[in-house]
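Take a look at the structure below.
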Amino acid sequence: MDWTKMTKDELERQYSPSRWSHRMNADAVIQAHVKALKAGTERARALAQTLLNVPYGEGDGEKLDVYIPKTNCLDLNLVIYIHGGYWQFLSKEESGFLAVPLLDKGVVVVAVGYDIAPKGHMDLMVSQVRRSVVSVVQQYSHIRGLYLCGHSAGAHLAAMVLSTDWSQYSLNPQIKGAFLVSGIYDLLPILPTYINEPLKMTEEVAVRNSPSRLVPQLQQSSPGCQILVAVAENDSPEFRKQSEEYYATLSAAGLKVTLEDVPDTDHFSVVDQMVDPEYCLTKLLMKMMNS
Ligand SMILES: N[C@@H](CC(=O)c1ccccc1NC=O)C(=O)O
């Protein structure tokens with residue numbers, strides 16, 4: 001069904017990922033997700049050489065964590081991870097888990113912090129993640145390749161980074177690949193829902209921050225970027241449609257994009273399993289970096 005024909009209740013159901021898990025009830029699945037992210041981040045902090053709370057701007061929330069392989073080799077790839085949580089939950093403190101499988105393979109992982117709502121608003125969060133990428137490129141200019149990975153609201157923010165008009169910034173980061181996991185690319189359907197209560201987006205804000213409408217800018221800014229749009233098999237029909245439609249738009253624009261429908265996953269397990277080096281998305285990310 002077209003979202004414009006849905007009631008507020010139905011939209012809220014479609015945009016409540018925890019209600020669609022086949023593993024657990026809504027509260028339990030979120031709890032398990034946060035627990036898995038925290039445990040993974042703790043492991044990563046033990047395994048890596050870390051630089052925590054590195055500022056990328058003046059604001060209190062404008063800090064990032066760097067996870068560096070202990071066996072220092074030259075020619076490293078770097079992945080910037082942008083956490084999810086509907087622009088109002090989670091932080092970089094539980095967002096280092098992706099380093100667990102990648103450190104061994106000589107990949108630096110950066111977990112970006114940004115000001116979630118109600119402190120932050122959509123334009124600010126988008127500006128923060130863009131500036132964090134510029135700052136990482138300035139700091140690590142010698143790296144082999146720069147990649148982005150984002151989950152849920154973080155996939156939205158990563159897609160907004162790809163669609164940046166860099167003429168406003170001090171440099172143009174060459175992003176080699178982007179891993180967009182269970183993202184939202186059109187913000188209009190969430191305007192009438194509870195998700196927008198702390199965000200307070202107007203239609204104008206939602207329109208200018210919807211990656212689905214910024215594909216021409218992406219084509220200009222990131223024409224060679226390899227993009228993987230991944231969605232969980234058990235994501236809600238609306239979430240699945242968000243990924244399918246964004247993939248189709250990118251593909252029609254001639255971009256290098258693939259759609260990955262990840263079997264036997266829900267909105268949360270689709271990303272928290274990335275601590276496992278044998279998980280299909282972890283392998284695909286490694287493959288992207290080695291291609
Ligand atoms: N109300 C949302 C909550 C949610 O999405 C969420 C909550 C805590 C941490 C992460 C979340 N979502 C995505 O990462 C839900 O029903 O799943």
Side-chain angles (χ1 to χ4, degrees), residues 3 6-42 61 80-98 111-120 122 125-126 129 148-160 179-187 189-201 206 209 211 229-243 246 262 265-275 279 281:
W3 70 266
M6 290 182 190
T7 61
K8 177 173 183 283
D9 271 8
E10 181 56 15
L11 276 171
E12 295 198 330
R13 197 173 72 91
Q14 290 285 336
Y15 284 99
S16 292
S18 58
R19 298 210 221 163
W20 298 83
S21 172
H22 295 190
R23 294 179 296 148
M24 294 172 231
N25 70 39
D27 289 343
V29 79
I30 292 176
Q31 264 186 32
H33 179 57
V34 175
K35 199 173 156 195
L37 299 179
K38 279 189 175 151
T41 302
E42 234 168 84
I80 299 180
Y81 180 76
I82 307 171
H83 71 79
Y86 266 160
W87 310 275
Q88 55 201 275
F89 308 110
L90 302 179
S91 72
K92 71 175 175 60
E93 302 311 316
E94 53 283 313
S95 302
F97 63 97
L98 190 58
V112 176
Y114 54 90
D115 283 317
I116 55 173
K119 185 175 182 215
M122 192 56 72
M125 291 183 256
V126 169
V129 294
L148 299 182
C149 177
H151 170 238
S152 196
H156 160 267
L157 294 170
M160 289 301 290
F179 229 72
L180 309 175
V181 183
S182 278
I184 297 187
Y185 309 101
D186 178 4
L187 300 182
I190 64 171
L191 279 180
T193 71
Y194 71 90
I195 300 143
N196 196 32
E197 280 170 23
L199 293 167
K200 298 189 166 62
M201 286 187 291
N209 289 294
V229 177
V231 69
E233 180 183 6
N234 298 328
D235 255 321
S236 72
E238 265 296 298
F239 260 90
R240 293 180 52 81
K241 210 174 191 183
Q242 287 267 358
S243 285
Y246 189 52
V262 190
T265 56
D266 59 42
H267 189 75
F268 303 95
S269 61
V270 72
V271 71
D272 61 37
Q273 289 187 84
M274 288 185 88
V275 290
Y279 173 54
L281 284 189

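These numbers were taken from a predicted model, which means no experiment stands behind them. Both ligands and their constituent atoms are indexed starting at 1 by order of listing.
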* **Residue part near ligand 1, for Ser152, under 4.0 Å between non-hydrogen atoms** => side chain

* To do: Compute whether any side-chain donor of one residue and acceptor of the other, for Ser16 and Tyr194, lie under 3.5 angstrom apart.
  => yes

* **Between Asp272 and Ser269: side-chain donor-acceptor atoms closer than 3.5 Å** => no

Which of the ligand 1 atoms, numbered from 1, are nearer than 4.0 Å to a heavy atom of [X]:
X      : value
Phe268 : 11 (C), 12 (N), 13 (C), 17 (O)
His151 : 14 (O)
Gly85  : 10 (C), 11 (C), 12 (N), 13 (C), 14 (O)

* **4.5 Å side-chain heavy-atom contact, Tyr15 and Glu238** => yes

* Qualifying residue, where the test is side chain to side chain contact (heavy atoms under 4.5 Å, CB included) with Ile195 and the options are Gln88, Met201, Glu12 -> Gln88

* Ser18 N/O under 3.5 Å from ligand 1 N/O -> yes

* **Heteroatom distance test (Ile30, ligand 1): nitrogen or oxygen, under 3.5 angstrom** => no

* Are Lys38 and Glu42 close enough for a salt bridge, meaning some N to O gap below 4.0 Å? -> no

* Pick, from Tyr194, Phe89, Tyr86, the option with the minimum heavy-atom distance to atom 1 (N) of ligand 1. => Tyr194

* Asked: Is there a ring pair (Phe, Tyr, Trp, His ring centres under 6.0 Å) between His267 and Phe239 once you walk through the steps?
  -> CA-CA 9 Å; His267 189 75; Phe239 260 90; 4.7 Å; yes

